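Chain letters run A, B, ... following the sequence lines, proteins first and then strands; every chain starts at 1. Heavy-atom basis, side chains included; hydrogens, waters and symmetry copies ignored. Everything quoted here is computed from the prediction, not taken from an experiment.
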Amino acid sequence: MIEIRNLHKSFGSLEVLKGVNLSLEKGKVLVIIGPSGSGKTTLLRCMNLLEMPNAGSLKLGDSNLSFDGGRKPGKKDVLKLRQNTGMVFQSYNLFPHKTAIENVMEAQVVVQKRSKEEARSRSAELLAKVGLSGKEDAYPHELSGGQQQRVGIARALATNPEVMLFDEPTSALDPELVGEVLKVMKQLAAEGMTMVVVTHEMKFAAEAADTVVLMGDGVILEQGPPAQVLNRPSDGRAAEFLNLLTEKER
Amino acid sequence: MDDRKIQILIDSLWPMIKAGLQFTIPLTLIAFALGLVLAIVVALVRLWKIPVLSQIAGIYVWIIRGTPLLVQLFIIFYGLPTIGIKFDPFMAAIIGFTLNMGAYNSEIVRAAIQSISKGQWEAAYSLGMTRGEALRRIVLPQATRVSVPPLSNSFISLVKDTSLAYTITVVEMFQVSKQVSAVTYEPLLIYCEVAVLYLVLCTVLNALQNVMEKRLARFSTR
Ligand SMILES: Nc1ncnc2c1ncn2[C@@H]1O[C@H](COP(=O)(O)OP(=O)(O)OP(=O)(O)O)[C@@H](O)[C@H]1O
Ligand SMILES: [Mg+2]
């Protein structure tokens, strides 16, 4: 489903991704962990081209893009890839001038040209799926953080993407609201959604991930099943980072 | 106040209101609407740094904001005909005020668009929207709300500034008051009367602005 080869990304003279290789099968959940500034967000944003990689290649679904030699995909390829991925943001980024259901309808109407009625009924289903029946007509500022993020998930699902990308979806939430969002994500995973999740929630990583990737300084330090990466890291730096995390949790 | 003065006030009222309806208000509405379209185009061209066009837009804003409106009107109406470009007075006024509004409002629109967080663009892009779709559906509606107060101010200034059109022989409200004052020899009375008319117009517009702000406040931007 996803195949990333030798991906490089720099911001000016700062090289943030230094040749990342990654692959993920359909229906699997990949969790990316790593210290702040290691390039997790950048890697995720390269997967829907919110950041344009400088070199390497990206296969996702039936998009097959190469960035070598300064190549950039055409507009159509970019739009196609983005419609095939859904992104959930740390700060939700809901559209504040639209109600919950309008947020979910928006891309269906504007991008997929579905009729309003069709979009509305599908959006109501999606909101029900994330446990927000009855909140259809609420504006984002009338919802709690956890509810907003669940609208964010429903909105990202609305275009039927093959892959869902999550960038620290729970780290802006009060601790008591984290659970409701993780629950929705686990449910998605159980339904066979292909997911890439950047998170600091080690419990989620341990329980929901098929593969855990540990990033450090623009490269992948460790990659493997959660039990292996989280409990027996072979890399020194990886062990250090995980120690730090477990200390924090204590 | 004696009867004669009251009669003059009453007699001059309709001609002034008529001039307002015929010229002041249409001039304001047309110039503001066209100016707003121009302002949005100029703001986007500059925000998106479109080569050549953004430089031209920058120079345009610089010139309009750096020279008196009166001088601009004179150049358009009295100056351009000498090189064969002629407009009737109303047309010249429309052009002058539109260019003026376009330049000033482009800064308002630009600031309003910039005040919308990058996350809104990214959310729209992540859903597969094009830049135009993101702009129309997501960013402009929010920017509109931010820009209603400053744009209303500029609209109300425009209402008053249209009185300058008298200098290029447009028979708008102030021009009529000047004519009436000249025949009645009652400048204080007549100019106060026209002042009241402008005041009423601006007060009504202020009230409309408040209604609009309330309606747009249904949602709040975080
Ligand atoms: N648009 C940008 N322009 C310049 N530098 C950037 C940009 N985005 C990210 N960076 C830099 O790239 C590096 C990696 O950033 P990134 O956000 O990918 O890290 P992260 O692993 O997601 O960190 P965190 O855990 O704090 O979210 C950082 O040094 C950051 O400052
Ligand atoms: Mg990050």
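Few gaps surround NZ on A:Lys186; more than 12 heavy atoms of other groups in view lie less than 6.0 Å from it. Heavy-atom contacts from other residues, nucleotides or ligands closer than 6.0 Å to CH2 of B:Trp62 number 12 or fewer. More than 12 heavy atoms of other residues, nucleotides or ligands shown are found within 6.0 angstrom of CD on B:Gln114. For B:Lys49, the NZ atom is loosely surrounded, since the number of other residues' heavy atoms within 6.0 Å does not exceed 12. Residue-environment remark: CE (B:Met91) stays at or below the threshold of 12 foreign heavy atoms within 6.0 Å.
Looking only at side-chain heavy atoms (C-beta outward), B:Glu122 and A:Met87 stay at 4.5 Å or farther from each other. Looking only at side-chain heavy atoms (C-beta outward), B:Gln120 and A:Pro96 come within less than 4.5 Å of each other.
Residue A:Phe95 touches chain B through both its backbone and its side chain, counting heavy-atom pairs closer than 4.5 Å. Within the 4.5 angstrom heavy-atom criterion, only side-chain atoms of A:Arg45, from C-beta onward, approach chain B.
Chain B forms more heavy-atom pairs under 4.5 Å with one residue of A:Arg155, A:Arg82, A:Gln83 than with any other, namely A:Arg82.
Of residues 126-139 of chain B, those residues lying under 4.5 Å from chain A by any heavy-atom pair are B:Ser126, B:Leu127, B:Gly128, B:Met129, B:Thr130, B:Glu133, B:Arg137, B:Ile138.
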